[in-house]
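So the structure is just underneath, and the comments pick up after that.
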Amino acid sequence: MHAGAFALAAVLAGCAPADRPRLAEVLYDATGDDANAEFVELLNPLDRAFPLAGLRLEAGDGANPGRWTLRWTGSAADSTAAHGRFVIGGSLVTPAPNAIVNLSLQNGPDAVRLVWPDGAIEVLGYGAVTDAGQFCGDPAVDAPSGLALARIPDDADLGANARDFRAAPPTPGRANLPGHDVAVVAGSLALTPEHPAEDAPASLALRVCNRGATAVGAGEAGLALAERMSGVVEPLVATPIDRGLAAGETLAVTLAVPGRDPGKRWLIARTSLAADENAANDADSLLVRIGPGPVEVTEIQFHPAAGEGEWVELRGRDAAPVEIATLRLGDRTSTRGAPPDDAPSLARDALAVLAQDRRALLDHFPGLDSTRVLAVTPWPSLNNTDDDRGTADEVALYEDDGAAADRVAYSARGVPAGTPIERTPEGLWRPSPSPAGTPLEPPRVLPPQRRRLELGARRIDRASHRVRLSWSLPWPRAIGTLALHDLAGRRVTTVLDERELPGRGDLDWDAGTLSGGLYVVVLLARDPDSGASLSATAPMRVEGPAR
Amino acid sequence: MKRRVRFALVLLLALAPAVARAQDFASPWPFWPPRSSLAQLEYGLMGPTPRVSADAAITRWFGLPQLETRALALGGCARSVAFSIGLSQTGAPELGWTSLAAAVGHADRNGGVALRALARRDRLTPLAFDGDAHTAGGEAGIGAWARAGGTFRLWMSAPQLWRDGEAPPLRRSLSLGAVCTAPGAAAWFARESVVGAGGARHGEHEAGVTLGAAGASLWCSVRDRPVRVALGVSASRGPIDIAGSAASHPVLAQTSRIGARLSGGATP
């Protein structure tokens with residue numbers, strides 16, 4: 001019979017030729033490098049073994065209609081067992097394929113086809129293929145990277161690639177839709193709180209899914225939690241899943257985690273089901289830390305106003321020095337920034353600053369120890385405005401094994417523009433009392449202040465020429481400005497342009513540019529909410545000759 | 001004639017109370033008239049009829065209690081030479097300073113000229129002169145005026161022509177002014193050169209009017225950059241003269257001054 005007649009018959013009856021093995025799964029875009037990681041799986045639906053000698057696996061180029069290139073040819077030794085699967089794939093495919101070959105399949109829109117020695121053809125097109133010879137019925141979806149195109153259910157043959165195949169996790173050598181399969185949804189584990197205190201209980205949330213074709217009754221499946229620390233696995237909790245799961249249904253589960261000793265460990269959640277056909281997806285794990293991490297975030301500048309760039313201050317908490325170069329800085333996205341390889345270590349209670357623009361930050365704060373200011377590349381840009389849940393962004397520090405050393409979700413609400421937030425000694429977060437922040441300085445607790453405006457010294461020494469200006473306002477934040485006037489009432493200079501200020505704050509100001517004389521510092525502030533305003537003044541004597 | 005002269009002098013007493021920023025010997029009286037020893041010490045301006053007087057004044061700057069000036073001055077004359085000496089103390093310890101000043105000059109009805117000199121030293125304790133040596137400073141300057149025809153007079157004051165040592169609390173440059181009087185009223189205008197931050201120079205201007213009668217006067221002045229308004233009153237009876245003034249500021253609290261004077265000798 002003519003090959004074209006076979007193809008027509010296949011379309012009318014279904015895409016897969018009858019009485020022979022068919023395409024069951026194709027992975028053409030593996031996660032990462034595709035080389036030797038791609039595979040094509042065949043399924044023999046017959047009750048007898050079927051030889052594959054002479055069978056040709058060809059790849060079609062979606063950009064060049066009619067162009068097919070040979071990827072593999074079955075030898076006399078190749079055969080599929082009754083109801084068995086035959087995997088043709090690269091050496092990195094696990095379990096090892098029946099035929100190892102680097103397929104070099106192209107990402108969609110493209111196609112693969114089986115050409116049998118008797119002329120029968122089965123074609124699978126994926127993506128926006130336009131050549132009618134490169135798909136059957138309608139082409140299947142273009143599977144995202146890391147997912148395979150799988151025939152689901154395994155015996156589907158509905159006359160179109162789009163109806164027979166869907167994107168699914170790769171299952172080489174196994175059923176695409178097993179009869180019985182309860183899985184832990186990968187990546188669904190979350191511990192609350194993220195860093196439980198020593199011996200404090202916590203809860204682990206996760207999702208389980210019935211990925212089989214058969215419903216699971218209440219109590220048939222179970223869930224067990226264990227921890228692995230220093231290579232030792234210790235069971236923690238085991239409980240039946242007391243609710244039935246329909247095929248394809250997902251269930252959110254929360255497990256109580258008893259108090260643990262401090263340190264990092266893996267929490268492993270594992271489902272159990274009699275006759276489960278896929279053990280590979282039964283478990284998932286989460287690296288967690290009990291107790292504080294080796295470093296903590298102590299100050300965050302997420303909305304710089306003077307061109308100094310964003311920065312994050314961190315403090316060492318471990319008795320052993322922490323290698324800053326091994327840390328990674330992240331936000332809510334997947335961006336992970338790395339300090340330079342030659343970054344110094346961080347001793348206990350020592351501070352370091354991770355900077356978006358190290359040069360600009362050092363220019364803005366010329367007194368900083370430059371060896372403690374480290375550029376991070378790429379910088380995870382921090383958001384300035386809150387989302388619907390009242391969170392602007394989060395700053396996370398990760399260790400080299402991926403464990404979160406510290407994570408801070410912050411809100412930008414109420415934080416004066418340009419002012420960083422800092423962690424108080426009590427562990428709370430607040431706007432820095434210094435409008436520009438205090439990088440490489442521990443958080444200060446400003447004592448109550450009797451007057452609205454006070455100076456660190458009323459007489460400014462001609463050698464240091466520095467003065468601390470501190471204020472205490474009756475509002476949590478205000479719009480304010482600080483200026484200097486001379487004895488004639490003339491405005492001599494502006495210490496702080498109008499901006500948002502914390503209600504209680506201070507700044508260290510360099511009066512070195514001033515001529516000697518007597519000045520009056522003036523604070524003007526208003527409450528942006530009520531509109532109330534006030535002014536406060538304090539005299540200041542600057543030593544030195546006239547200029 | 002005698003009453004007209006007295007009336008004119010009363011008006012002149014109220015002229016230009018805020019012209020040329022004062023510091024050590026600021027007073028609620030105007031700097032021009034002959035009886036003000038404080039004005040001689042502060043601006044180097046000597047009135048047409050100097051005589052023996054004792055002046056005392058208190059200034060509270062911008063409503064700040066820790067920034068208060070207390071000044072005492074004595075004036076006299078020998079033949080055609082007039083002189084004044086004075087002592088003032090400003091501010092709380094650590095912030096403040098003590099000043100000793102003297103002025104000498106000559107004046108008659110057509111004009112006058114005087115030299116002023118002042119030594120200043122910061123202080124660390126109340127009523128002391130105990131600041132570090134490097135906080136000592138001095139300044140000297142000159143003031144002069146002349147009749148320009150009829151009731152029109154021109155004047156100038158350069159109180160800090162020479163400076164040395166610690167900077168003065170307020171840097172003061174050349175002031176130029178003119179005053180025109182009429183029965184029961186006077187108007188005046190002045191311009192002062194100001195050195196701003198970074199050395200940039202600009203001019204400040206002040207204008208005022210005075211209304212008065214024998215023994216009492218009321219005056220008002222307006223100054224620019226920033227706009228500042230001052231009001232003052234003075235009253236005299238026999239040898240005693242008292243005065244008070246208040247100057248507003250758009251940002252700072254008001255500066256208030258009070259003063260009393262005891263004068264002797266013939267009334268001009």
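Sequence lines set the chain letters: A, B, ... in the order given, protein chains first and strands last, and positions in each chain run from 1.
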A:R451, CZ: over 12 other non-hydrogen atoms inside 6.0 angstrom | no
Side-chain donor or acceptor of B:Q23 paired with backbone N/O of A:L487 under 3.5 Å | no
Is a salt bridge present between B:E94 and A:R458, judged by a nitrogen-to-oxygen distance below 4.0 Å?
-> yes
What heavy-atom pair brings B:A167 and A:G516 nearest, and what distance separates the two atoms?
-> CB-O, 3.3 Å
A:R541 versus B:L67: any side-chain heavy-atom pair under 4.5 Å?
-> no
How close do A:V542 and B:E166 get, heavy atom to heavy atom, and via which atoms?
-> O-OE2, 4.1 Å
Give a yes or no on whether a salt bridge exists between B:D122 and A:R459, defined as a side-chain N under 4.0 angstrom from a carboxylate O.
-> yes
Find the one option among B:L64, B:T255, B:L95, B:L252 whose heavy-atom pairs under 4.5 Å with chain A are most numerous.
-> B:L95
Quick one: which of A:S535, A:P539, A:G517, A:A457 has the most heavy-atom pairs under 4.5 Å with chain B, could you say?
-> A:P539
What distance separates A:R490 CZ from B:R223 CZ, expressed to the nearest 0.5 Å?
-> 6.0 Å
Could you tell me whether the side chain of A:R491 reaches within less than 4.5 Å of the side chain of B:R225, counting heavy atoms only?
-> no
Do B:T90 and A:L518 come within less than 4.5 Å of each other through their side chains, counting heavy atoms only?
-> no
How close do B:F62 and A:V520 get, heavy atom to heavy atom, and via which atoms?
-> CD1-CG2, 3.8 Å
What's the spacing between B:Q66 CD and A:T537 OG1 if we round to 0.5 Å?
-> 7.5 Å
